[in-house]
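Note sheet for the following structure.
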Amino acid sequence: MSVSSITSSLNTLRRELNRIQDKQTDAANKYAKQDDIISRSNDRLSRTTSASRISSYNRDINRAQAEKAKLSKVQASLSKDFGKKQRQIADKEKDLRKATADEQQKQLRSMQKDYSSQIVTMKREQSELLKSQFLSDDASGTRDSKEYDVFISYAHEDQEYAEKLTSAIQAMDLSVWIDEQSMGWGASQIQSMDDGIRNSKFSIVLLSPDYFDKYWTTHEYHSMLIKAKNQHDLILPIYHNVTADQVKDYNLELADRHALNTSISTVEEIAHKLHELIASTSSTDSENS
């Protein structure tokens, strides 16, 4: 049953309970009245010697006692009905609590479904917008054309490690796009990041618990995916204070990529592996040309 129908039934039961209480009060008043008649009659009997009056007072007492007996049965029946109604009300209140909880859960699931649908729609629209921006800008050549060996995407809570990694990579004579060094004063963050991703051979994703919660890192990663699909460039994940299961919960595509781990490899070792990767890629490109 719905909450509204149960509430209606509950209100009806409560009105019926009130009517029973009114009847109980009325029966109690009538019972007290008969007690009063008996008391007065007994008092009069004690003060009269008239045979006719004695007979009249005794009749009054007998009628009152008979009426009390009837009223006692009425009171017993009303008490039984009262207890039954109370149990029915308790059952209905229990049904109402369950129905209310079920309806709230249903509304919550509906809200969650709507929210999830909105998120999916927003991500799809964002992806399409980024894709159109990349294709449009590549065709027109209107943006910064400076090339980098690698773009580093990171959460600012991990800035200290990102800067150490940048220094190690630059020590290998490789160019790095990192926001603190490459983004000009007053420049558009979105345009600068998109330029950096577009003009970098590789993109490093420094995955950490903080990375998963940021708008900008999500934007950067979506931009990397679009570029990777269009130009077959590589996304290079690095796990930083994060587990494979946490990455899997964040993004299955990222979890499927082979990753380095900062708890295993030093920044120098990671920079060296990047240098080898770029060198082998350059060599392959030269042979193909």
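- Legend: residues meeting salt bridge (charged side-chain N to carboxylate O under 4.0 Å, His left out) with Arg15, ordered by chain and number and at least two apart, are absent.
- Minimum heavy-atom separation, Ser153 to Tyr211: OG-OH, 2.8 Å.
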Side-chain donor/acceptor pairs under 3.5 Å, residues 162-176, sequence neighbours excluded:
from: Glu163; atom 1: OE2; to: Gln159; atom 2: NE2; distance (Å): 2.8
from: Thr166; atom 1: OG1; to: Ala162; atom 2: O; distance (Å): 2.8
from: Ser167; atom 1: OG; to: Glu163; atom 2: O; distance (Å): 3.1
from: Gln170; atom 1: NE2; to: Gln181; atom 2: OE1; distance (Å): 2.9
from: Ser175; atom 1: OG; to: Asp149; atom 2: N; distance (Å): 2.8
from: Ser175; atom 1: OG; to: Asp149; atom 2: OD2; distance (Å): 3.2

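- With sequence neighbours excluded, the residues satisfying salt bridge (charged side-chain N to carboxylate O under 4.0 Å, His left out) with Asp26 are Lys30.
- Applying the side-chain contact (heavy atoms from CB on, under 4.5 Å) rule to Asn58 yields the partners Leu45, Ile54, Ile61; only residues at least two apart in sequence or on another chain are considered.
- Met224 and Leu252 fall into different hydrophobic clusters, defined by Ile, Leu, Val, Met, Phe, Trp and Tyr side-chain heavy atoms under 4.5 Å apart, directly or through other members.
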Donor-acceptor pairs under 3.5 Å, side chain of residues 235-244 to any protein atom, not counting sequence neighbours: which ones?
from: His240; atom 1: ND1; to: Thr262; atom 2: OG1; distance (Å): 3.0
from: Thr243; atom 1: OG1; to: Gln246; atom 2: N; distance (Å): 3.2
from: Thr243; atom 1: OG1; to: Gln246; atom 2: OE1; distance (Å): 3.3

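- Applying the salt bridge (charged side-chain N to carboxylate O under 4.0 Å, His left out) criterion to Arg19, with sequence neighbours excluded, gives no partner residue.
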Return a table of donor-acceptor pairs under 3.5 angstrom between the side chains of residues 96-109 and protein atoms on other chains or two or more places apart.
from: Lys98; atom 1: NZ; to: Asp102; atom 2: OD2; distance (Å): 3.1
from: Thr100; atom 1: OG1; to: Leu96; atom 2: O; distance (Å): 2.7

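- Scored by the salt bridge (charged side-chain N to carboxylate O under 4.0 Å, His left out) test, Glu16 finds Lys85 as partners (sequence neighbours excluded).
- Residue pairs meeting the salt bridge (charged side-chain N to carboxylate O under 4.0 Å, His left out) criterion with at least one member in residues 207-225, sequence neighbours excluded: Glu157-Lys214.
- Leu71 belongs to a hydrophobic cluster with Tyr31, counting contacts under 4.5 Å between side-chain heavy atoms of Ile, Leu, Val, Met, Phe, Trp and Tyr, direct or through other members.
- Inspection of the Ser4 and Ser2 side chains reveals an N or O donor paired with an N or O acceptor under 3.5 Å.
- Comment: Arg198 does not engage Asp194 in a salt bridge, judged by the lack of any side-chain N to carboxylate O separation of less than 4.0 angstrom.
- Between Lys23 and Phe82, every side-chain heavy-atom pair lies at or beyond the 4.5 Å cut-off.
- Judged as a salt bridge (charged side-chain N to carboxylate O under 4.0 Å, His left out), not a single pair has a partner in residues 234-250 (not counting sequence neighbours).
- Under 3.5 Å, the side chains of His272 and Glu268 contain no donor-acceptor pair of N or O atoms.
- A salt bridge (charged side-chain N to carboxylate O under 4.0 Å, His left out) check over residues 61-76, counting only residues at least two apart or in different chains, returns the pairs Asp35-Lys68, Asp60-Arg63.
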